[in-house]
Each structure stands twice: as C-alpha cells, then as structure tokens.
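FYI, the numbering just counts along the sequence from 1.
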Amino acid sequence: MKLFKKWSSIWQSRWLFLLPSMAGVFVFAVLPFGNMLIQSFSGGLINYKTVFTNEAFHLAIKNTFRFVGVGIPLLLLLSFAAALGIYKSKWVRLFKSVYLLPMAVPTAVVVLIWKVLFHREGIGNQMLAFFHIEAVDWMSTDAAFVVLVISYIWKNLGYTIVLWIAGMAAIPDSIIEAARVDGATQGQCVRYMVLPQLKPVFYTITMLSFLNSFKVFREAYLVAGAYPQKSIYLLQHLFNNWFTNLEIEKMSSAAVLLAVFFALCSLSLKNLWEKEDAY
C-alpha cells in the first residue's frame, strides 16, 4: 500500500510538472490549428479546390521541395565529412566554437553579406571578372536558387557538425580498434562501424535540418522582397502574401494539407528507422 501511494505521488508530481507545458501547447498550438481546420472547411471543399488549382501554390511547392531535396543532402554530406575529419582532433573544442559562429550572426548581417557578395557589382562578380568570366545577375536569374542553398548550408553547417561530433563521441573506441585489428580499412570502419551507430543521430539531424530549412525565408524575404525571382519563391512567400491579402481560407486549407503531409512523412521516416533497428 505504501509503495502504491509512493508511485501515485510520483506520477502526480510528473503530471503537475508537465501541466504548464501541456497547457501552453494546447492554447498556442492545438486550439489555433483546430480553428484553422474549421476555417479551411468554411466554404466546403471549395477552398481546397482553389488551393490545388492555384499556380502560385504549385510554384511554391515545387521550389520548396527542390530546395529541401538539394539543400538537406548537401548539408548532411558536407557536415558529416567535416565532423569525421575533426572529431578526434585535439582542437575539436575550438572548431566547435568557430563552426557555431554563423548561427550567432543576426539575420540583418547575413542579408548585408548577401548583398555585398551577390550584387551585380559585388565581390562575387569581381572574382568572376578576375578569371575573365562574364558577370552573373545572381538575384534576378535562376542563380538565385544557388545563392539560397549556399546561405542555408553556411548558416547550418556548424550546428550540424557539432551534432555529428556528439554522436561520434558516443561510439566506443574499442569497436573501431577491434575492426582495425581485424584488418578493416578506414573506409570500412566508417561504413560498417561508425554509420550504423549514428542512425539515431542521423534521424534527429535530418528532422532538425528539415525544420531549419524553412528559416531561410527570412534572408530571402529581406533580400528579394515578397515576390522574389521565381526559382526562390517558397511556401513561406506564398503564405506571407496570402496573409497580407487576408486570404485566410486559402491559407488555412494549404496549411492543413501541408501539416498532414509533413506529419505523414515524419511518421513514415520514424517507422522506417524503427523497422531497420528491429533487424
């Protein structure tokens, strides 16, 4: 009986500890999403039909998925390669501090760097002129997409490297040493020893990189405005313009569709990870 009362009090204390957070999630996330869901069906299915036939929505979806499909794999590959090269270095703490600096740079400074580097008469074109290459109008052509990807990678590379290093630091040295004694090469150690141990970290890093990819809108908006070059017109631009024009029904319908899609993708990826771990 005393044991039951003890566990009951512990359980109650946990709920009391979680209650403020749960209340915040309910008030600031669940209720607004419920209201948005109701508004999306305010005119029946006509709002969803309007969204599906909207050309701006098609363009934003295509550009967003293109950006995610290019930016995230590049970020994961470059950050993993960099982390693999430095995680055993005696200067690893210094590297961590240096790599995290881009995240501390204010958005306004990043925008200024964009303009200095990629203006028609900026540093980028001056470097091209040095090699006798014709100047590129970076922000008014499809090259704007390249600038957007570079900015995303530069901003998030250091943070992702630190996450990879944290995962690598948890791998026992004995596993790698045993493989090397058995004649495994460096590449084989990475492929068969390091990578399998990093699967949980890989899932976390992928999800965080995906979420951070939506934050690049701030720089794109401040540099190119609400209607940028077509190749960098993202979902955030679309929602911002619909909100400015008070097209709440269309915005609610599109938000519900994207929320369902992203939830399904996240659950599918998580189930895939769990199935592979089961084997």
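Contact check for Leu195 versus Phe80: side-chain heavy atoms found under the 4.5 Å cut-off. The shortest side-chain heavy-atom distance between Trp242 and Ser252 does not fall under the 4.5 Å cut-off. Inter-residue side-chain proximity for Glu134 and Leu128 is flagged as unmet; no heavy-atom pair is nearer than 4.5 Å. Between Val149 and Val216 the shortest side-chain heavy-atom distance does not fall below 4.5 Å. You'll find the side chain of Phe26 stays beyond 4.5 Å of the side chain of Met22, heavy atoms only.
By the side-chain contact (heavy atoms from CB on, under 4.5 Å) test, Ala220 pairs with Leu148, His237, sequence neighbours left out. Applying the ring pair (Phe, Tyr, Trp, His ring centres under 6.0 Å) test to Phe65 and every residue at least two apart in sequence or in another chain returns Phe261. Partners of Trp138 under the side chain to side chain donor-acceptor pair (under 3.5 Å) rule, at least two apart in sequence or in another chain, are Asn125. Applying the side chain to side chain donor-acceptor pair (under 3.5 Å) test to Glu247 and every residue at least two apart in sequence or in another chain returns Lys250. Under the side chain to side chain donor-acceptor pair (under 3.5 Å) criterion, Ser79 pairs with Trp164, not counting sequence neighbours. Shown here are the side chain to side chain donor-acceptor pair (under 3.5 Å) partners of Ser151, two or more places apart in sequence or in another chain: Trp114.
Rounding to the nearest 0.5 angstrom, the gap separating the CZ atom in Phe41 from the CG atom in Asn47 is 9.0 Å.
The number of heavy-atom neighbours closer than 6.0 Å to OH of Tyr159, taken from other residues, nucleotides and ligands shown, is 12 or below. Around CZ of Phe262, the count of heavy atoms belonging to other residues, nucleotides or ligands within 6.0 Å exceeds 12. Within a 6.0 Å radius of CE in Met127, no more than 12 heavy atoms belonging to other residues, nucleotides or ligands are found. Residue Phe210 qualifies as enclosed at atom CZ: its count of foreign heavy atoms under 6.0 Å is above 12.
No side-chain donor-acceptor contact under 3.5 Å links Tyr152 and Ser213.
Aromatic ring centroids of Phe214 and Phe239 lie 6.0 Å or more apart.
Looking at Leu84, Leu75, Asn156, Ile86 one by one, the single match for side-chain contact (heavy atoms from CB on, under 4.5 Å) with Ile161 turns out to be Ile86. Of the residues listed (Leu163, Val201, Leu198), the one engaging Met168 in a side-chain contact (heavy atoms from CB on, under 4.5 Å) is Leu198, and it is the only one.
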